[in-house]
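Reckoned from all heavy atoms, side chains included, excluding hydrogens, waters and symmetry mates. Since the structure is predicted, the reported quantities are computational estimates derived from the model, not experimental observations.
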Amino acid sequence: MTDRYDPSSIEKKWQQRWEADGLYHTLDGAGTNFYFLTMLPYTSGDLHIGHWYAMSPSDAAARYRRMRGLNVLLPIGFDAFGLPAENAAIRSGIHPHKWTYDNIDRMRGQLRSMGAMFDWSTEVITSDPEFYRWNQWFFLKLWERGLAYRAMAPANWCPSCQTVLANEQVLPDGACERCGTPVTHRDLEQWFFRITAYADELLDHSKVDWPDPVTTMQKNWIGRSEGVEIAFGLDVPGVDQKEIRVFTTRPDTIFGVTFMVLAPEHPLVDQITTADRRAEVETYVEQARAQTEIERLSTDRPKTGVFTGAYCKNLLNGEQVPIWIADYALLWYGTGAVMGVPAHDQRDFAFAKQFGLSCPVVIAPPDWDGEPPEEAYLGEGSMVNSGQFDGLANEEGKSAVADYVESQGWGKRTVSYRIRDWLISRQRYWGTPIPMVHCPKCGVVPVPEEQLPVLLPEDAEFKPTGESPLVRHERFVNVACPNCGEPARRETDTMDTFMDSNWYFIRYLSPGYHDGPVDPARAKAWLPVDQYTGGAEHAVMHLLYARFFWKAIRDLGVVEGDEPFLRLFNQGQILGPDGQRMSKSRGNVVAPDEYVQRYGADAFRCYLMFIGPWDEGGPFGIEGIAGIQRWLNRVWGLVANPPAFGDAGPNAVRDMRRAVHQTVRKATEDIERFRFNTLLAALMELTNALVRHRDAGPAQTGARPGVDREAWNEAVESLLLMLAPAAPHIAEELWERSGRPYSVHQQSWPAWDEELAREDEVTLVVQVNGKLRDRIQVPAGIEEERAKELALASERVRPHTDGKKVQRVIYVPGKLVNVVVR
RNA sequence: GCCGGGGUGGCGAAAACGGAAAACGCGGCGGACUUAAAAUCCGCUGUCGCCUCUGGCGACUUGUGGGUUCGAUUCCCACCCCCGGCACCA
């Protein structure tokens, strides 16, 4: 029992034992099920430190739940489709399939070294046909329900490579990463999911317990605004359309409209532009198409735009309104047209100022002096220069104008969303083929269900231009129309990989199931997910898409309940030592394997949990791991070198038990809140206290009679139990070495006794005018009057109160007395 | 730019609530053990100043500036910097 702590000799041993015993095979286990889900890793190569940072605390939290008596499932799988595999193929000639599955083989071994309670029987790989056939099946179901549709949408386009580019493939200066040509946008017919159909339900987070920042971001992303769609008259010779509709949340400002702005892509632009303006307009449209949306929406750059030469009519006052185009109007928000009210909208104000357009005030601020405004006025006021609406408070004016517009048939109240339908088409190879066929006679025809999966052909040729090999793959593309049997073309777009992350956690429950995406009995037993953990970078897109998808398949009857993830915790991002996001190109990637070998998985897990609050992330440096090693060595020593037992006396026993019960209380609160750093700090403090108790015994000093055997055993047992979630191997080893029955991971989390945790004495802080002047030791339950008396009598306080008038004495029970003097 | 988060000792950080700023750990300094080193253990360690200097006293200190309060790392306003997301990286 005197040998030293050597992680390499115990970790592998226990990992094999746990696996052989099926200790973590919980899919069909007994008891109350608890689904603990952590975001599946992308198969990018070796497991990196970010995976350890995300997964080892998740494992600790899952293990804790298990110790609380729940049957916890912690599954694992691989997010395997996507751009990096394809890039690797183009760069090095390795087929995406081989690249991906080789990576998975390595990652499996690396994941096992973590010692996590993954139930490997549930493993899912999203690029397996057995998985993606159900992507296709879901697609067909959504299509049947009108939730999948085809429409034109812009994509990044490199005119030189003749290829669609991902945002990632466009350099910051807007050039193609392969050839340097300036990237533009090109409209393509693409597939969408109608997420907007669920926008209102997605705004409701009342059925989930999620961090506020995430729900706020999702709400802002959906961006619901109530307003009015209002028609402006259009009378341009040769143009059929007789009106332009705008969406506005401020119908009360309609009399202040001095211009109209269309998005440069707006279909009317080409028709209404006058001959003398055409050259300028076309140049501007071209420029706008080359910009990113972030650039277009930036509010701190000079406003740009051009006049089309055409006018429309404000139906409420009959005024002619010049029609401009400007890049800040987006085709996909509202109606793609904006009414310009410079006096009451900051952006319109800047635009009007830039182009010398007039700026009449129509909402008078309460103290308005009649002068022209120096900036847009967004506050409340009464309507002026607004015909029959003059004098109305603008809030009333909103509904009065809306009523009037509706009564005249010029528009209607409506709701607009910032969120757009989800474009799922990717012009790529390494993804799920979209199961559709284009027939010259029948149009767009779905692949019949019984023909699924539409397999991704293995023999693909990767061109350096990045064009999807599917487009020129004759055997894939040429197909008989499922409807009429005539020659037709298969759809060559594949699905966004966010489709995979929509439901991988459902597939985990029955990865080999053939009669549907999930075995209904398993779905009933496990869904929805009780706790989800993953990176904060997924706060909006993945987590919103997955909620949408869940609701859509709920309506298909595949799952029950309204939300997929009941509780959520987002960890922060672990950065390279330079404070930058880790990436191969920056060369700041920290590989975990070497550390695991040198320090052990337990120390490495604990260190990652100890360096700071899990939700904050931050730069990684290995320096501090020495503290964890020393601590684990001391814990080892508690079992390897126990104290001499004897009659310790009631005070020593009480002190030790108080330390134990206070630590159990603190540790429980911390792990419930995912505060692993302070959890481990508390365990260190308890360890240090136990070492002191032991070393104060007679073996060393002869001064004291010994350590109480029962209290010591309770202390060591509690410590090992609390250590088990964070450091599962050493906890198991010491549990065995101290003669306790296998397995520590099948024990209950310890309970604390409030009475034993209670302090007898507390330190009372005494302040004078808020400044600390003394600390006094008092009995824990001290009365207010007695506390104030002691405080005022303090030798250290009196010099600050003598000769002054005591105005108030503030007492915070058991904590502080503040004497306010003048 | 917009949305969300953050900024505390030399470093990672702690302080659910408006009530002791700096727990726990790293590093550093001093000491014990050792032939020596490593390991281990003990003590000190926010900054500045003062004194009767193995100790004690005082002032200051949580990005910057203002405010509310008996009292602010915590609440409010303005600003600066860093991180995440912004719809084809995942």
So, under a plain 3.5 Å distance rule, would you say the side chain of A:Glu537 forms a donor-acceptor pair with the base of B:rC83? no
Measuring only the [atom1] atom in each nucleotide, how far is [N] from [M]? A whole number of Å is fine.
| N | M | atom1 | result |
| --- | --- | --- | --- |
| B:rA59 | B:rG63 | P | 22 Å |
| B:rG9 | B:rA14 | P | 13 Å |
| B:rG1 | B:rC76 | C1' | 25 Å |
| B:rG25 | B:rU45 | C1' | 14 Å |
| B:rU47 | B:rG10 | P | 7 Å |
| B:rA87 | B:rC17 | C1' | 40 Å |

Reckon [X] touches a base, only the sugar-phosphate, or nothing at all at heavy-atom distances under 4.0 Å?
| X | result |
| --- | --- |
| A:Ile419 | base |
| A:Asn677 | sugar-phosphate |
| A:Pro613 | sugar-phosphate |
| A:Ile294 | base |
| A:Val540 | nothing |
| A:Met217 | base |
| A:Arg347 | nothing |
| A:Glu295 | nothing |
| A:Thr763 | base |

Just to verify, which of A:Gln291, A:Arg296, A:Lys303 counts as forming a side chain to side chain donor-acceptor pair (under 3.5 Å) with A:Asp327?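 Answer after filtering A:Gln291, A:Arg296, A:Lys303: A:Gln291.
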Using a 90° cut-off around 0 for syn, call [N] syn or anti.
| N | value |
| --- | --- |
| B:rC70 | anti |
| B:rG9 | syn |
| B:rA16 | syn |
| B:rC17 | syn |

Can you see which heavy atom on A:Cys161 is nearest to which on A:Thr465, and at what distance?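 What the structure gives for the nearest pair is O-CB, 3.8 Å.
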Below 4.0 angstrom, which residues in residues 805-812 of chain A have at least one non-hydrogen atom near RNA chain B? A:Arg808, A:Ile810, A:Val812
Can you check side-chain contact (heavy atoms from CB on, under 4.5 Å) on A:Ser501 and A:Asp79, steps first, answer last? CA-CA 8 Å; A:Ser501 48; A:Asp79 183 18; 5.5 Å; no
